[in-house]
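Here the structure is laid out as structure tokens; the discussion comes afterwards.
Computation of the quantities below employed the complete heavy-atom set of this structure, encompassing side-chain atoms and omitting hydrogens, waters and symmetry-equivalent molecules.
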Number of protein chains: 2
Amino acid sequence: MLKAERHKFIMTKLVEEQKVVTTDLALALDLSEDTIRRDLNELDNKKLLEKVYGGAILVTENTSDVFNINISGEEEKKQIVAKALSLLHDDQVIIMSGGSTNLVFAKLIPADLKATIYTYSLPIAMQLSQHPNIDLIFIGGKMQKNAMVTIGMDVIQVVSKIKADICFIGASSINVKQGLTEIGYEISIVKKAMIEASDRVVSMFSSDKLNTKMPHVVCDLKQLDTIVTNLDPRDPSLEEYRKSGVFIL
Amino acid sequence: MLKAERHKFIMTKLVEEQKVVTTDLALALDLSEDTIRRDLNELDNKKLLEKVYGGAILVTENTSDVFNINISGEEEKKQIVAKALSLLHDDQVIIMSGGSTNLVFAKLIPADLKATIYTYSLPIAMQLSQHPNIDLIFIGGKMQKNAMVTIGMDVIQVVSKIKADICFIGASSINVKQGLTEIGYEISIVKKAMIEASDRVVSMFSSDKLNTKMPHVVCDLKQLDTIVTNLDPRDPSLEEYRKSGVFIL
DNA sequence: TCAAAATCTGCATTATTTTGCGTGTTTTGA
DNA sequence: TCAAAACACGCAAAATAATGCAGATTTTGA
């Protein structure tokens with residue numbers, strides 16, 4: 001058995017059982033414990049696992065790297081955005097705001113979609129730069145650091161000149177009375193401009209955003225064409241939203 | 001049996017069994033282990049398999065994540081860019097081009113530096129969005145996908161209006177006669193604009209870029225104020241560059 | 001067609017890597 | 001605190017690789 005095979009074996013067992021024990025591995029692979037220890041040290045150096053006294057455990061998520069974006073509730077978000085894939089067609093002009101839900105959406109966009117996408121979110125642009133058939137335009141401006149999006153007059157100016165078929169807007173908060181609201185003033189302005197520029201407005205969010213509010217109004221419910229949540233469209237908690245005329249996916 | 005046939009045989013066996021062992025192959029094909037090893041080295045160079053001690057295994061496709069940026073020779077690049085840290089001061093206006101060397105530089109910029117930085121590279125902007133004291137401005141435009149930078153007229157227009165104290169330009173190729181040259185026309189234009197906009201022009205690169213050339217000229221050696229390489233500034237291979245009046249760090 | 005050049009292959013030699021074992025140290029848990 | 005378990009380190013044997021060289025084979029170009 002090759003060393004590389006052994007390493008694979010160890011990694012597989014590690015993921016399956018959350019941990020590996022040096023003595024068990026030595027027995028299972030019929031090798032000395034020293035060899036196993038050396039293997040574990042190597043894998044530890046490569047940051048593939050964390051060696052501990054007696055064996056090794058899975059590496060704990062490393063949040064210090066900017067490029068390692070941690071999306072909370074990624075699985076749920078995948079289910080939400082999957083519903084919206086049917087809204088995509090070839091040759092559309094699309095605007096995408098920031099937010100982790102939109103990032104998950106960007107990941108799921110099919111590789112053969114031919115479209116033009118405008119965005120002002122760094123992670124979303126990075127993700128979309130994978131897609132060979134998408135014309136990607138980044139809207140520049142001053143960076144809002146934590147959200148990793150550009151904001152300000154530069155962004156507004158560019159957005160207001162776009163004629164888009166559809167826009168995907170992340171939502172901080174939504175309720176029947178105020179509609180879509182945001183915590184930041186500048187972001188709310190940018191989103192207003194996005195809505196103005198687009199024929200169809202889509203917002204995707206999980207149901208815990210429902211019936212909450214933030215200081216800065218983006219738009220009325222009426223201005224949204226479609227909302228996409230994790231709930232069944234006929235769910236009673238969406239009753240009032242349905243009444244307001246929004247299409248619910 | 002032709003070598004090409006052998007390679008096919010090896011690849012087939014590899015896919016079937018997940019691994020191949022040098023000695024087995026030598027036996028099966030009735031050839032010396034040396035020949036098999038040479039074959040495996042060739043296939044490894046073509047990235048068709050991964051040679052390991054004792055044989056070879058399938059290549060693991062780890063590159064699927066956009067956010068997992070692989071910087072070749074990162075350690076060497078760290079040493080290069082560390083020399084350039086002394087050029088940074090509070091309250092400077094800085095322009096940074098793309099490239100992995102500049103990305104490494106961005107990582108090493110001290111957290112307490114107060115400055116304004118313009119860039120048109122997604123990874124560099126992501127990295128700098130970490131820094132609490134930097135005013136970060138992203139220069140928007142059409143994305144060039146593989147390099148993850150914006151290009152085109154939008155970029156030129158913004159850059160040409162900046163008045164920067166210093167700019168850091170990545171280099172594809174440099175030589176004494178043509179100066180800085182680039183493989184892409186559009187990138188060369190953007191870099192020209194950067195140089196125009198900056199009081200001081202700095203270029204960082206490893207010595208293997210020295211004495212090479214690409215189709216599109218960016219600028220003369222004279223227009224560079226400072227170059228930073230992995231070599232000692234007094235290294236003989238930098239002699240001609242020194243003569244041309246560039247400051248070498 | 002033929003000779004020179006390029007390529008392929010195996011062998012011998014040398015270098016490197018892997019592995020188990022002995023020895024001494026560190027960690028663990030009662 | 002103490003004994004057992006786990007570990008680290010150096011060493012040596014075995015396995016595997018790299019390298020130079022020579023003979024064989026193929027390709028090239030006149």
(request) Keeping the roles fixed (side chain from B/S203, backbone from B/I169), state whether a donor-acceptor pair exists under 3.5 Å. (result) yes

(request) On DNA chain C, reading 5' to 3', which nucleotide is the first and which the last to sit with an atom under 4.0 Å from a heavy atom of chain B, could you check? (result) C/dC8 to C/dT18

(request) Give every residue pair that meets the ring pair (Phe, Tyr, Trp, His ring centres under 6.0 Å) criterion with at least one member in residues 223-249 of chain B, sequence neighbours excluded. (result) none

(request) Could you list the residues that satisfy side-chain contact (heavy atoms from CB on, under 4.5 Å) with B/I189, not counting sequence neighbours? (result) B/I156, B/Y185

(request) Identify, with sequence neighbours excluded, every residue that meets side-chain contact (heavy atoms from CB on, under 4.5 Å) alongside B/T12. (result) B/E16

(message) Expected output is a numbered-order residue list: members of residues 19-34 of chain A with a heavy atom under 4.0 Å from any atom of DNA chain C. What is it?
(response) A/L31, A/S32, A/D34

(request) Mind running a 4.0 Å heavy-atom check of residues 35-50 of chain A against DNA chain C and sending the residues that fall below it, in number order? (result) A/T35, A/R38

Are [X] and [Y] close enough for a salt bridge, meaning some N to O gap below 4.0 Å?
| X | Y | answer |
| --- | --- | --- |
| B/E182 | B/K192 | no |
| A/R6 | A/D39 | yes |
| B/E42 | B/R38 | no |
| B/D91 | B/K114 | no |

(message) The criterion is side chain to side chain donor-acceptor pair (under 3.5 Å); which residues satisfy it with B/Q144, sequence neighbours excluded?
(response) none

(request) Go through the structure and list residues passing side chain to side chain donor-acceptor pair (under 3.5 Å) with A/T22, not counting sequence neighbours. (result) none

(message) Among residues at least two apart in sequence or on other chains, which ones pass ring pair (Phe, Tyr, Trp, His ring centres under 6.0 Å) with A/H7?
(response) none

(request) Could you tell me which residues satisfy ring pair (Phe, Tyr, Trp, His ring centres under 6.0 Å) with A/Y120, sequence neighbours excluded, listed by chain and number? (result) none

(request) Quickly work out the A/L2 CG to D/dT16 C1' distance and round it to whole Å. (result) 11 Å

(message) Distance check needed: D/dA15 P versus A/K3 NZ, whole Å only.
(response) 17 Å

(request) Five pairs at each end of the helix from C/dT1-D/dA30 to C/dA30-D/dT1: take the axis at both ends and give me the angle between them to 10°. (result) 50°

(message) Between B/K51 and D/dT16, is there a contact of a side-chain N or O with OP1 or OP2 at under 4.0 Å?
(response) no

(request) Please state whether the base of D/dA17 and the side chain of B/Y53 form at least one donor-acceptor pair under 3.5 Å? (result) no

Compile the donor-acceptor pairs under 3.5 Å between side chains in residues 75-87 of chain B and protein atoms, sequence neighbours left out, one pair per line.
unit_1, atom_1, unit_2, atom_2, d
B/E76, OE2, B/N230, ND2, 2.9
B/K77, NZ, B/S72, O, 3.1
B/K77, NZ, B/S100, OG, 2.8
B/K83, NZ, B/T229, O, 2.7
B/K83, NZ, B/L231, O, 3.0
B/K83, NZ, B/L249, O, 3.4
B/S86, OG, B/K83, O, 3.4

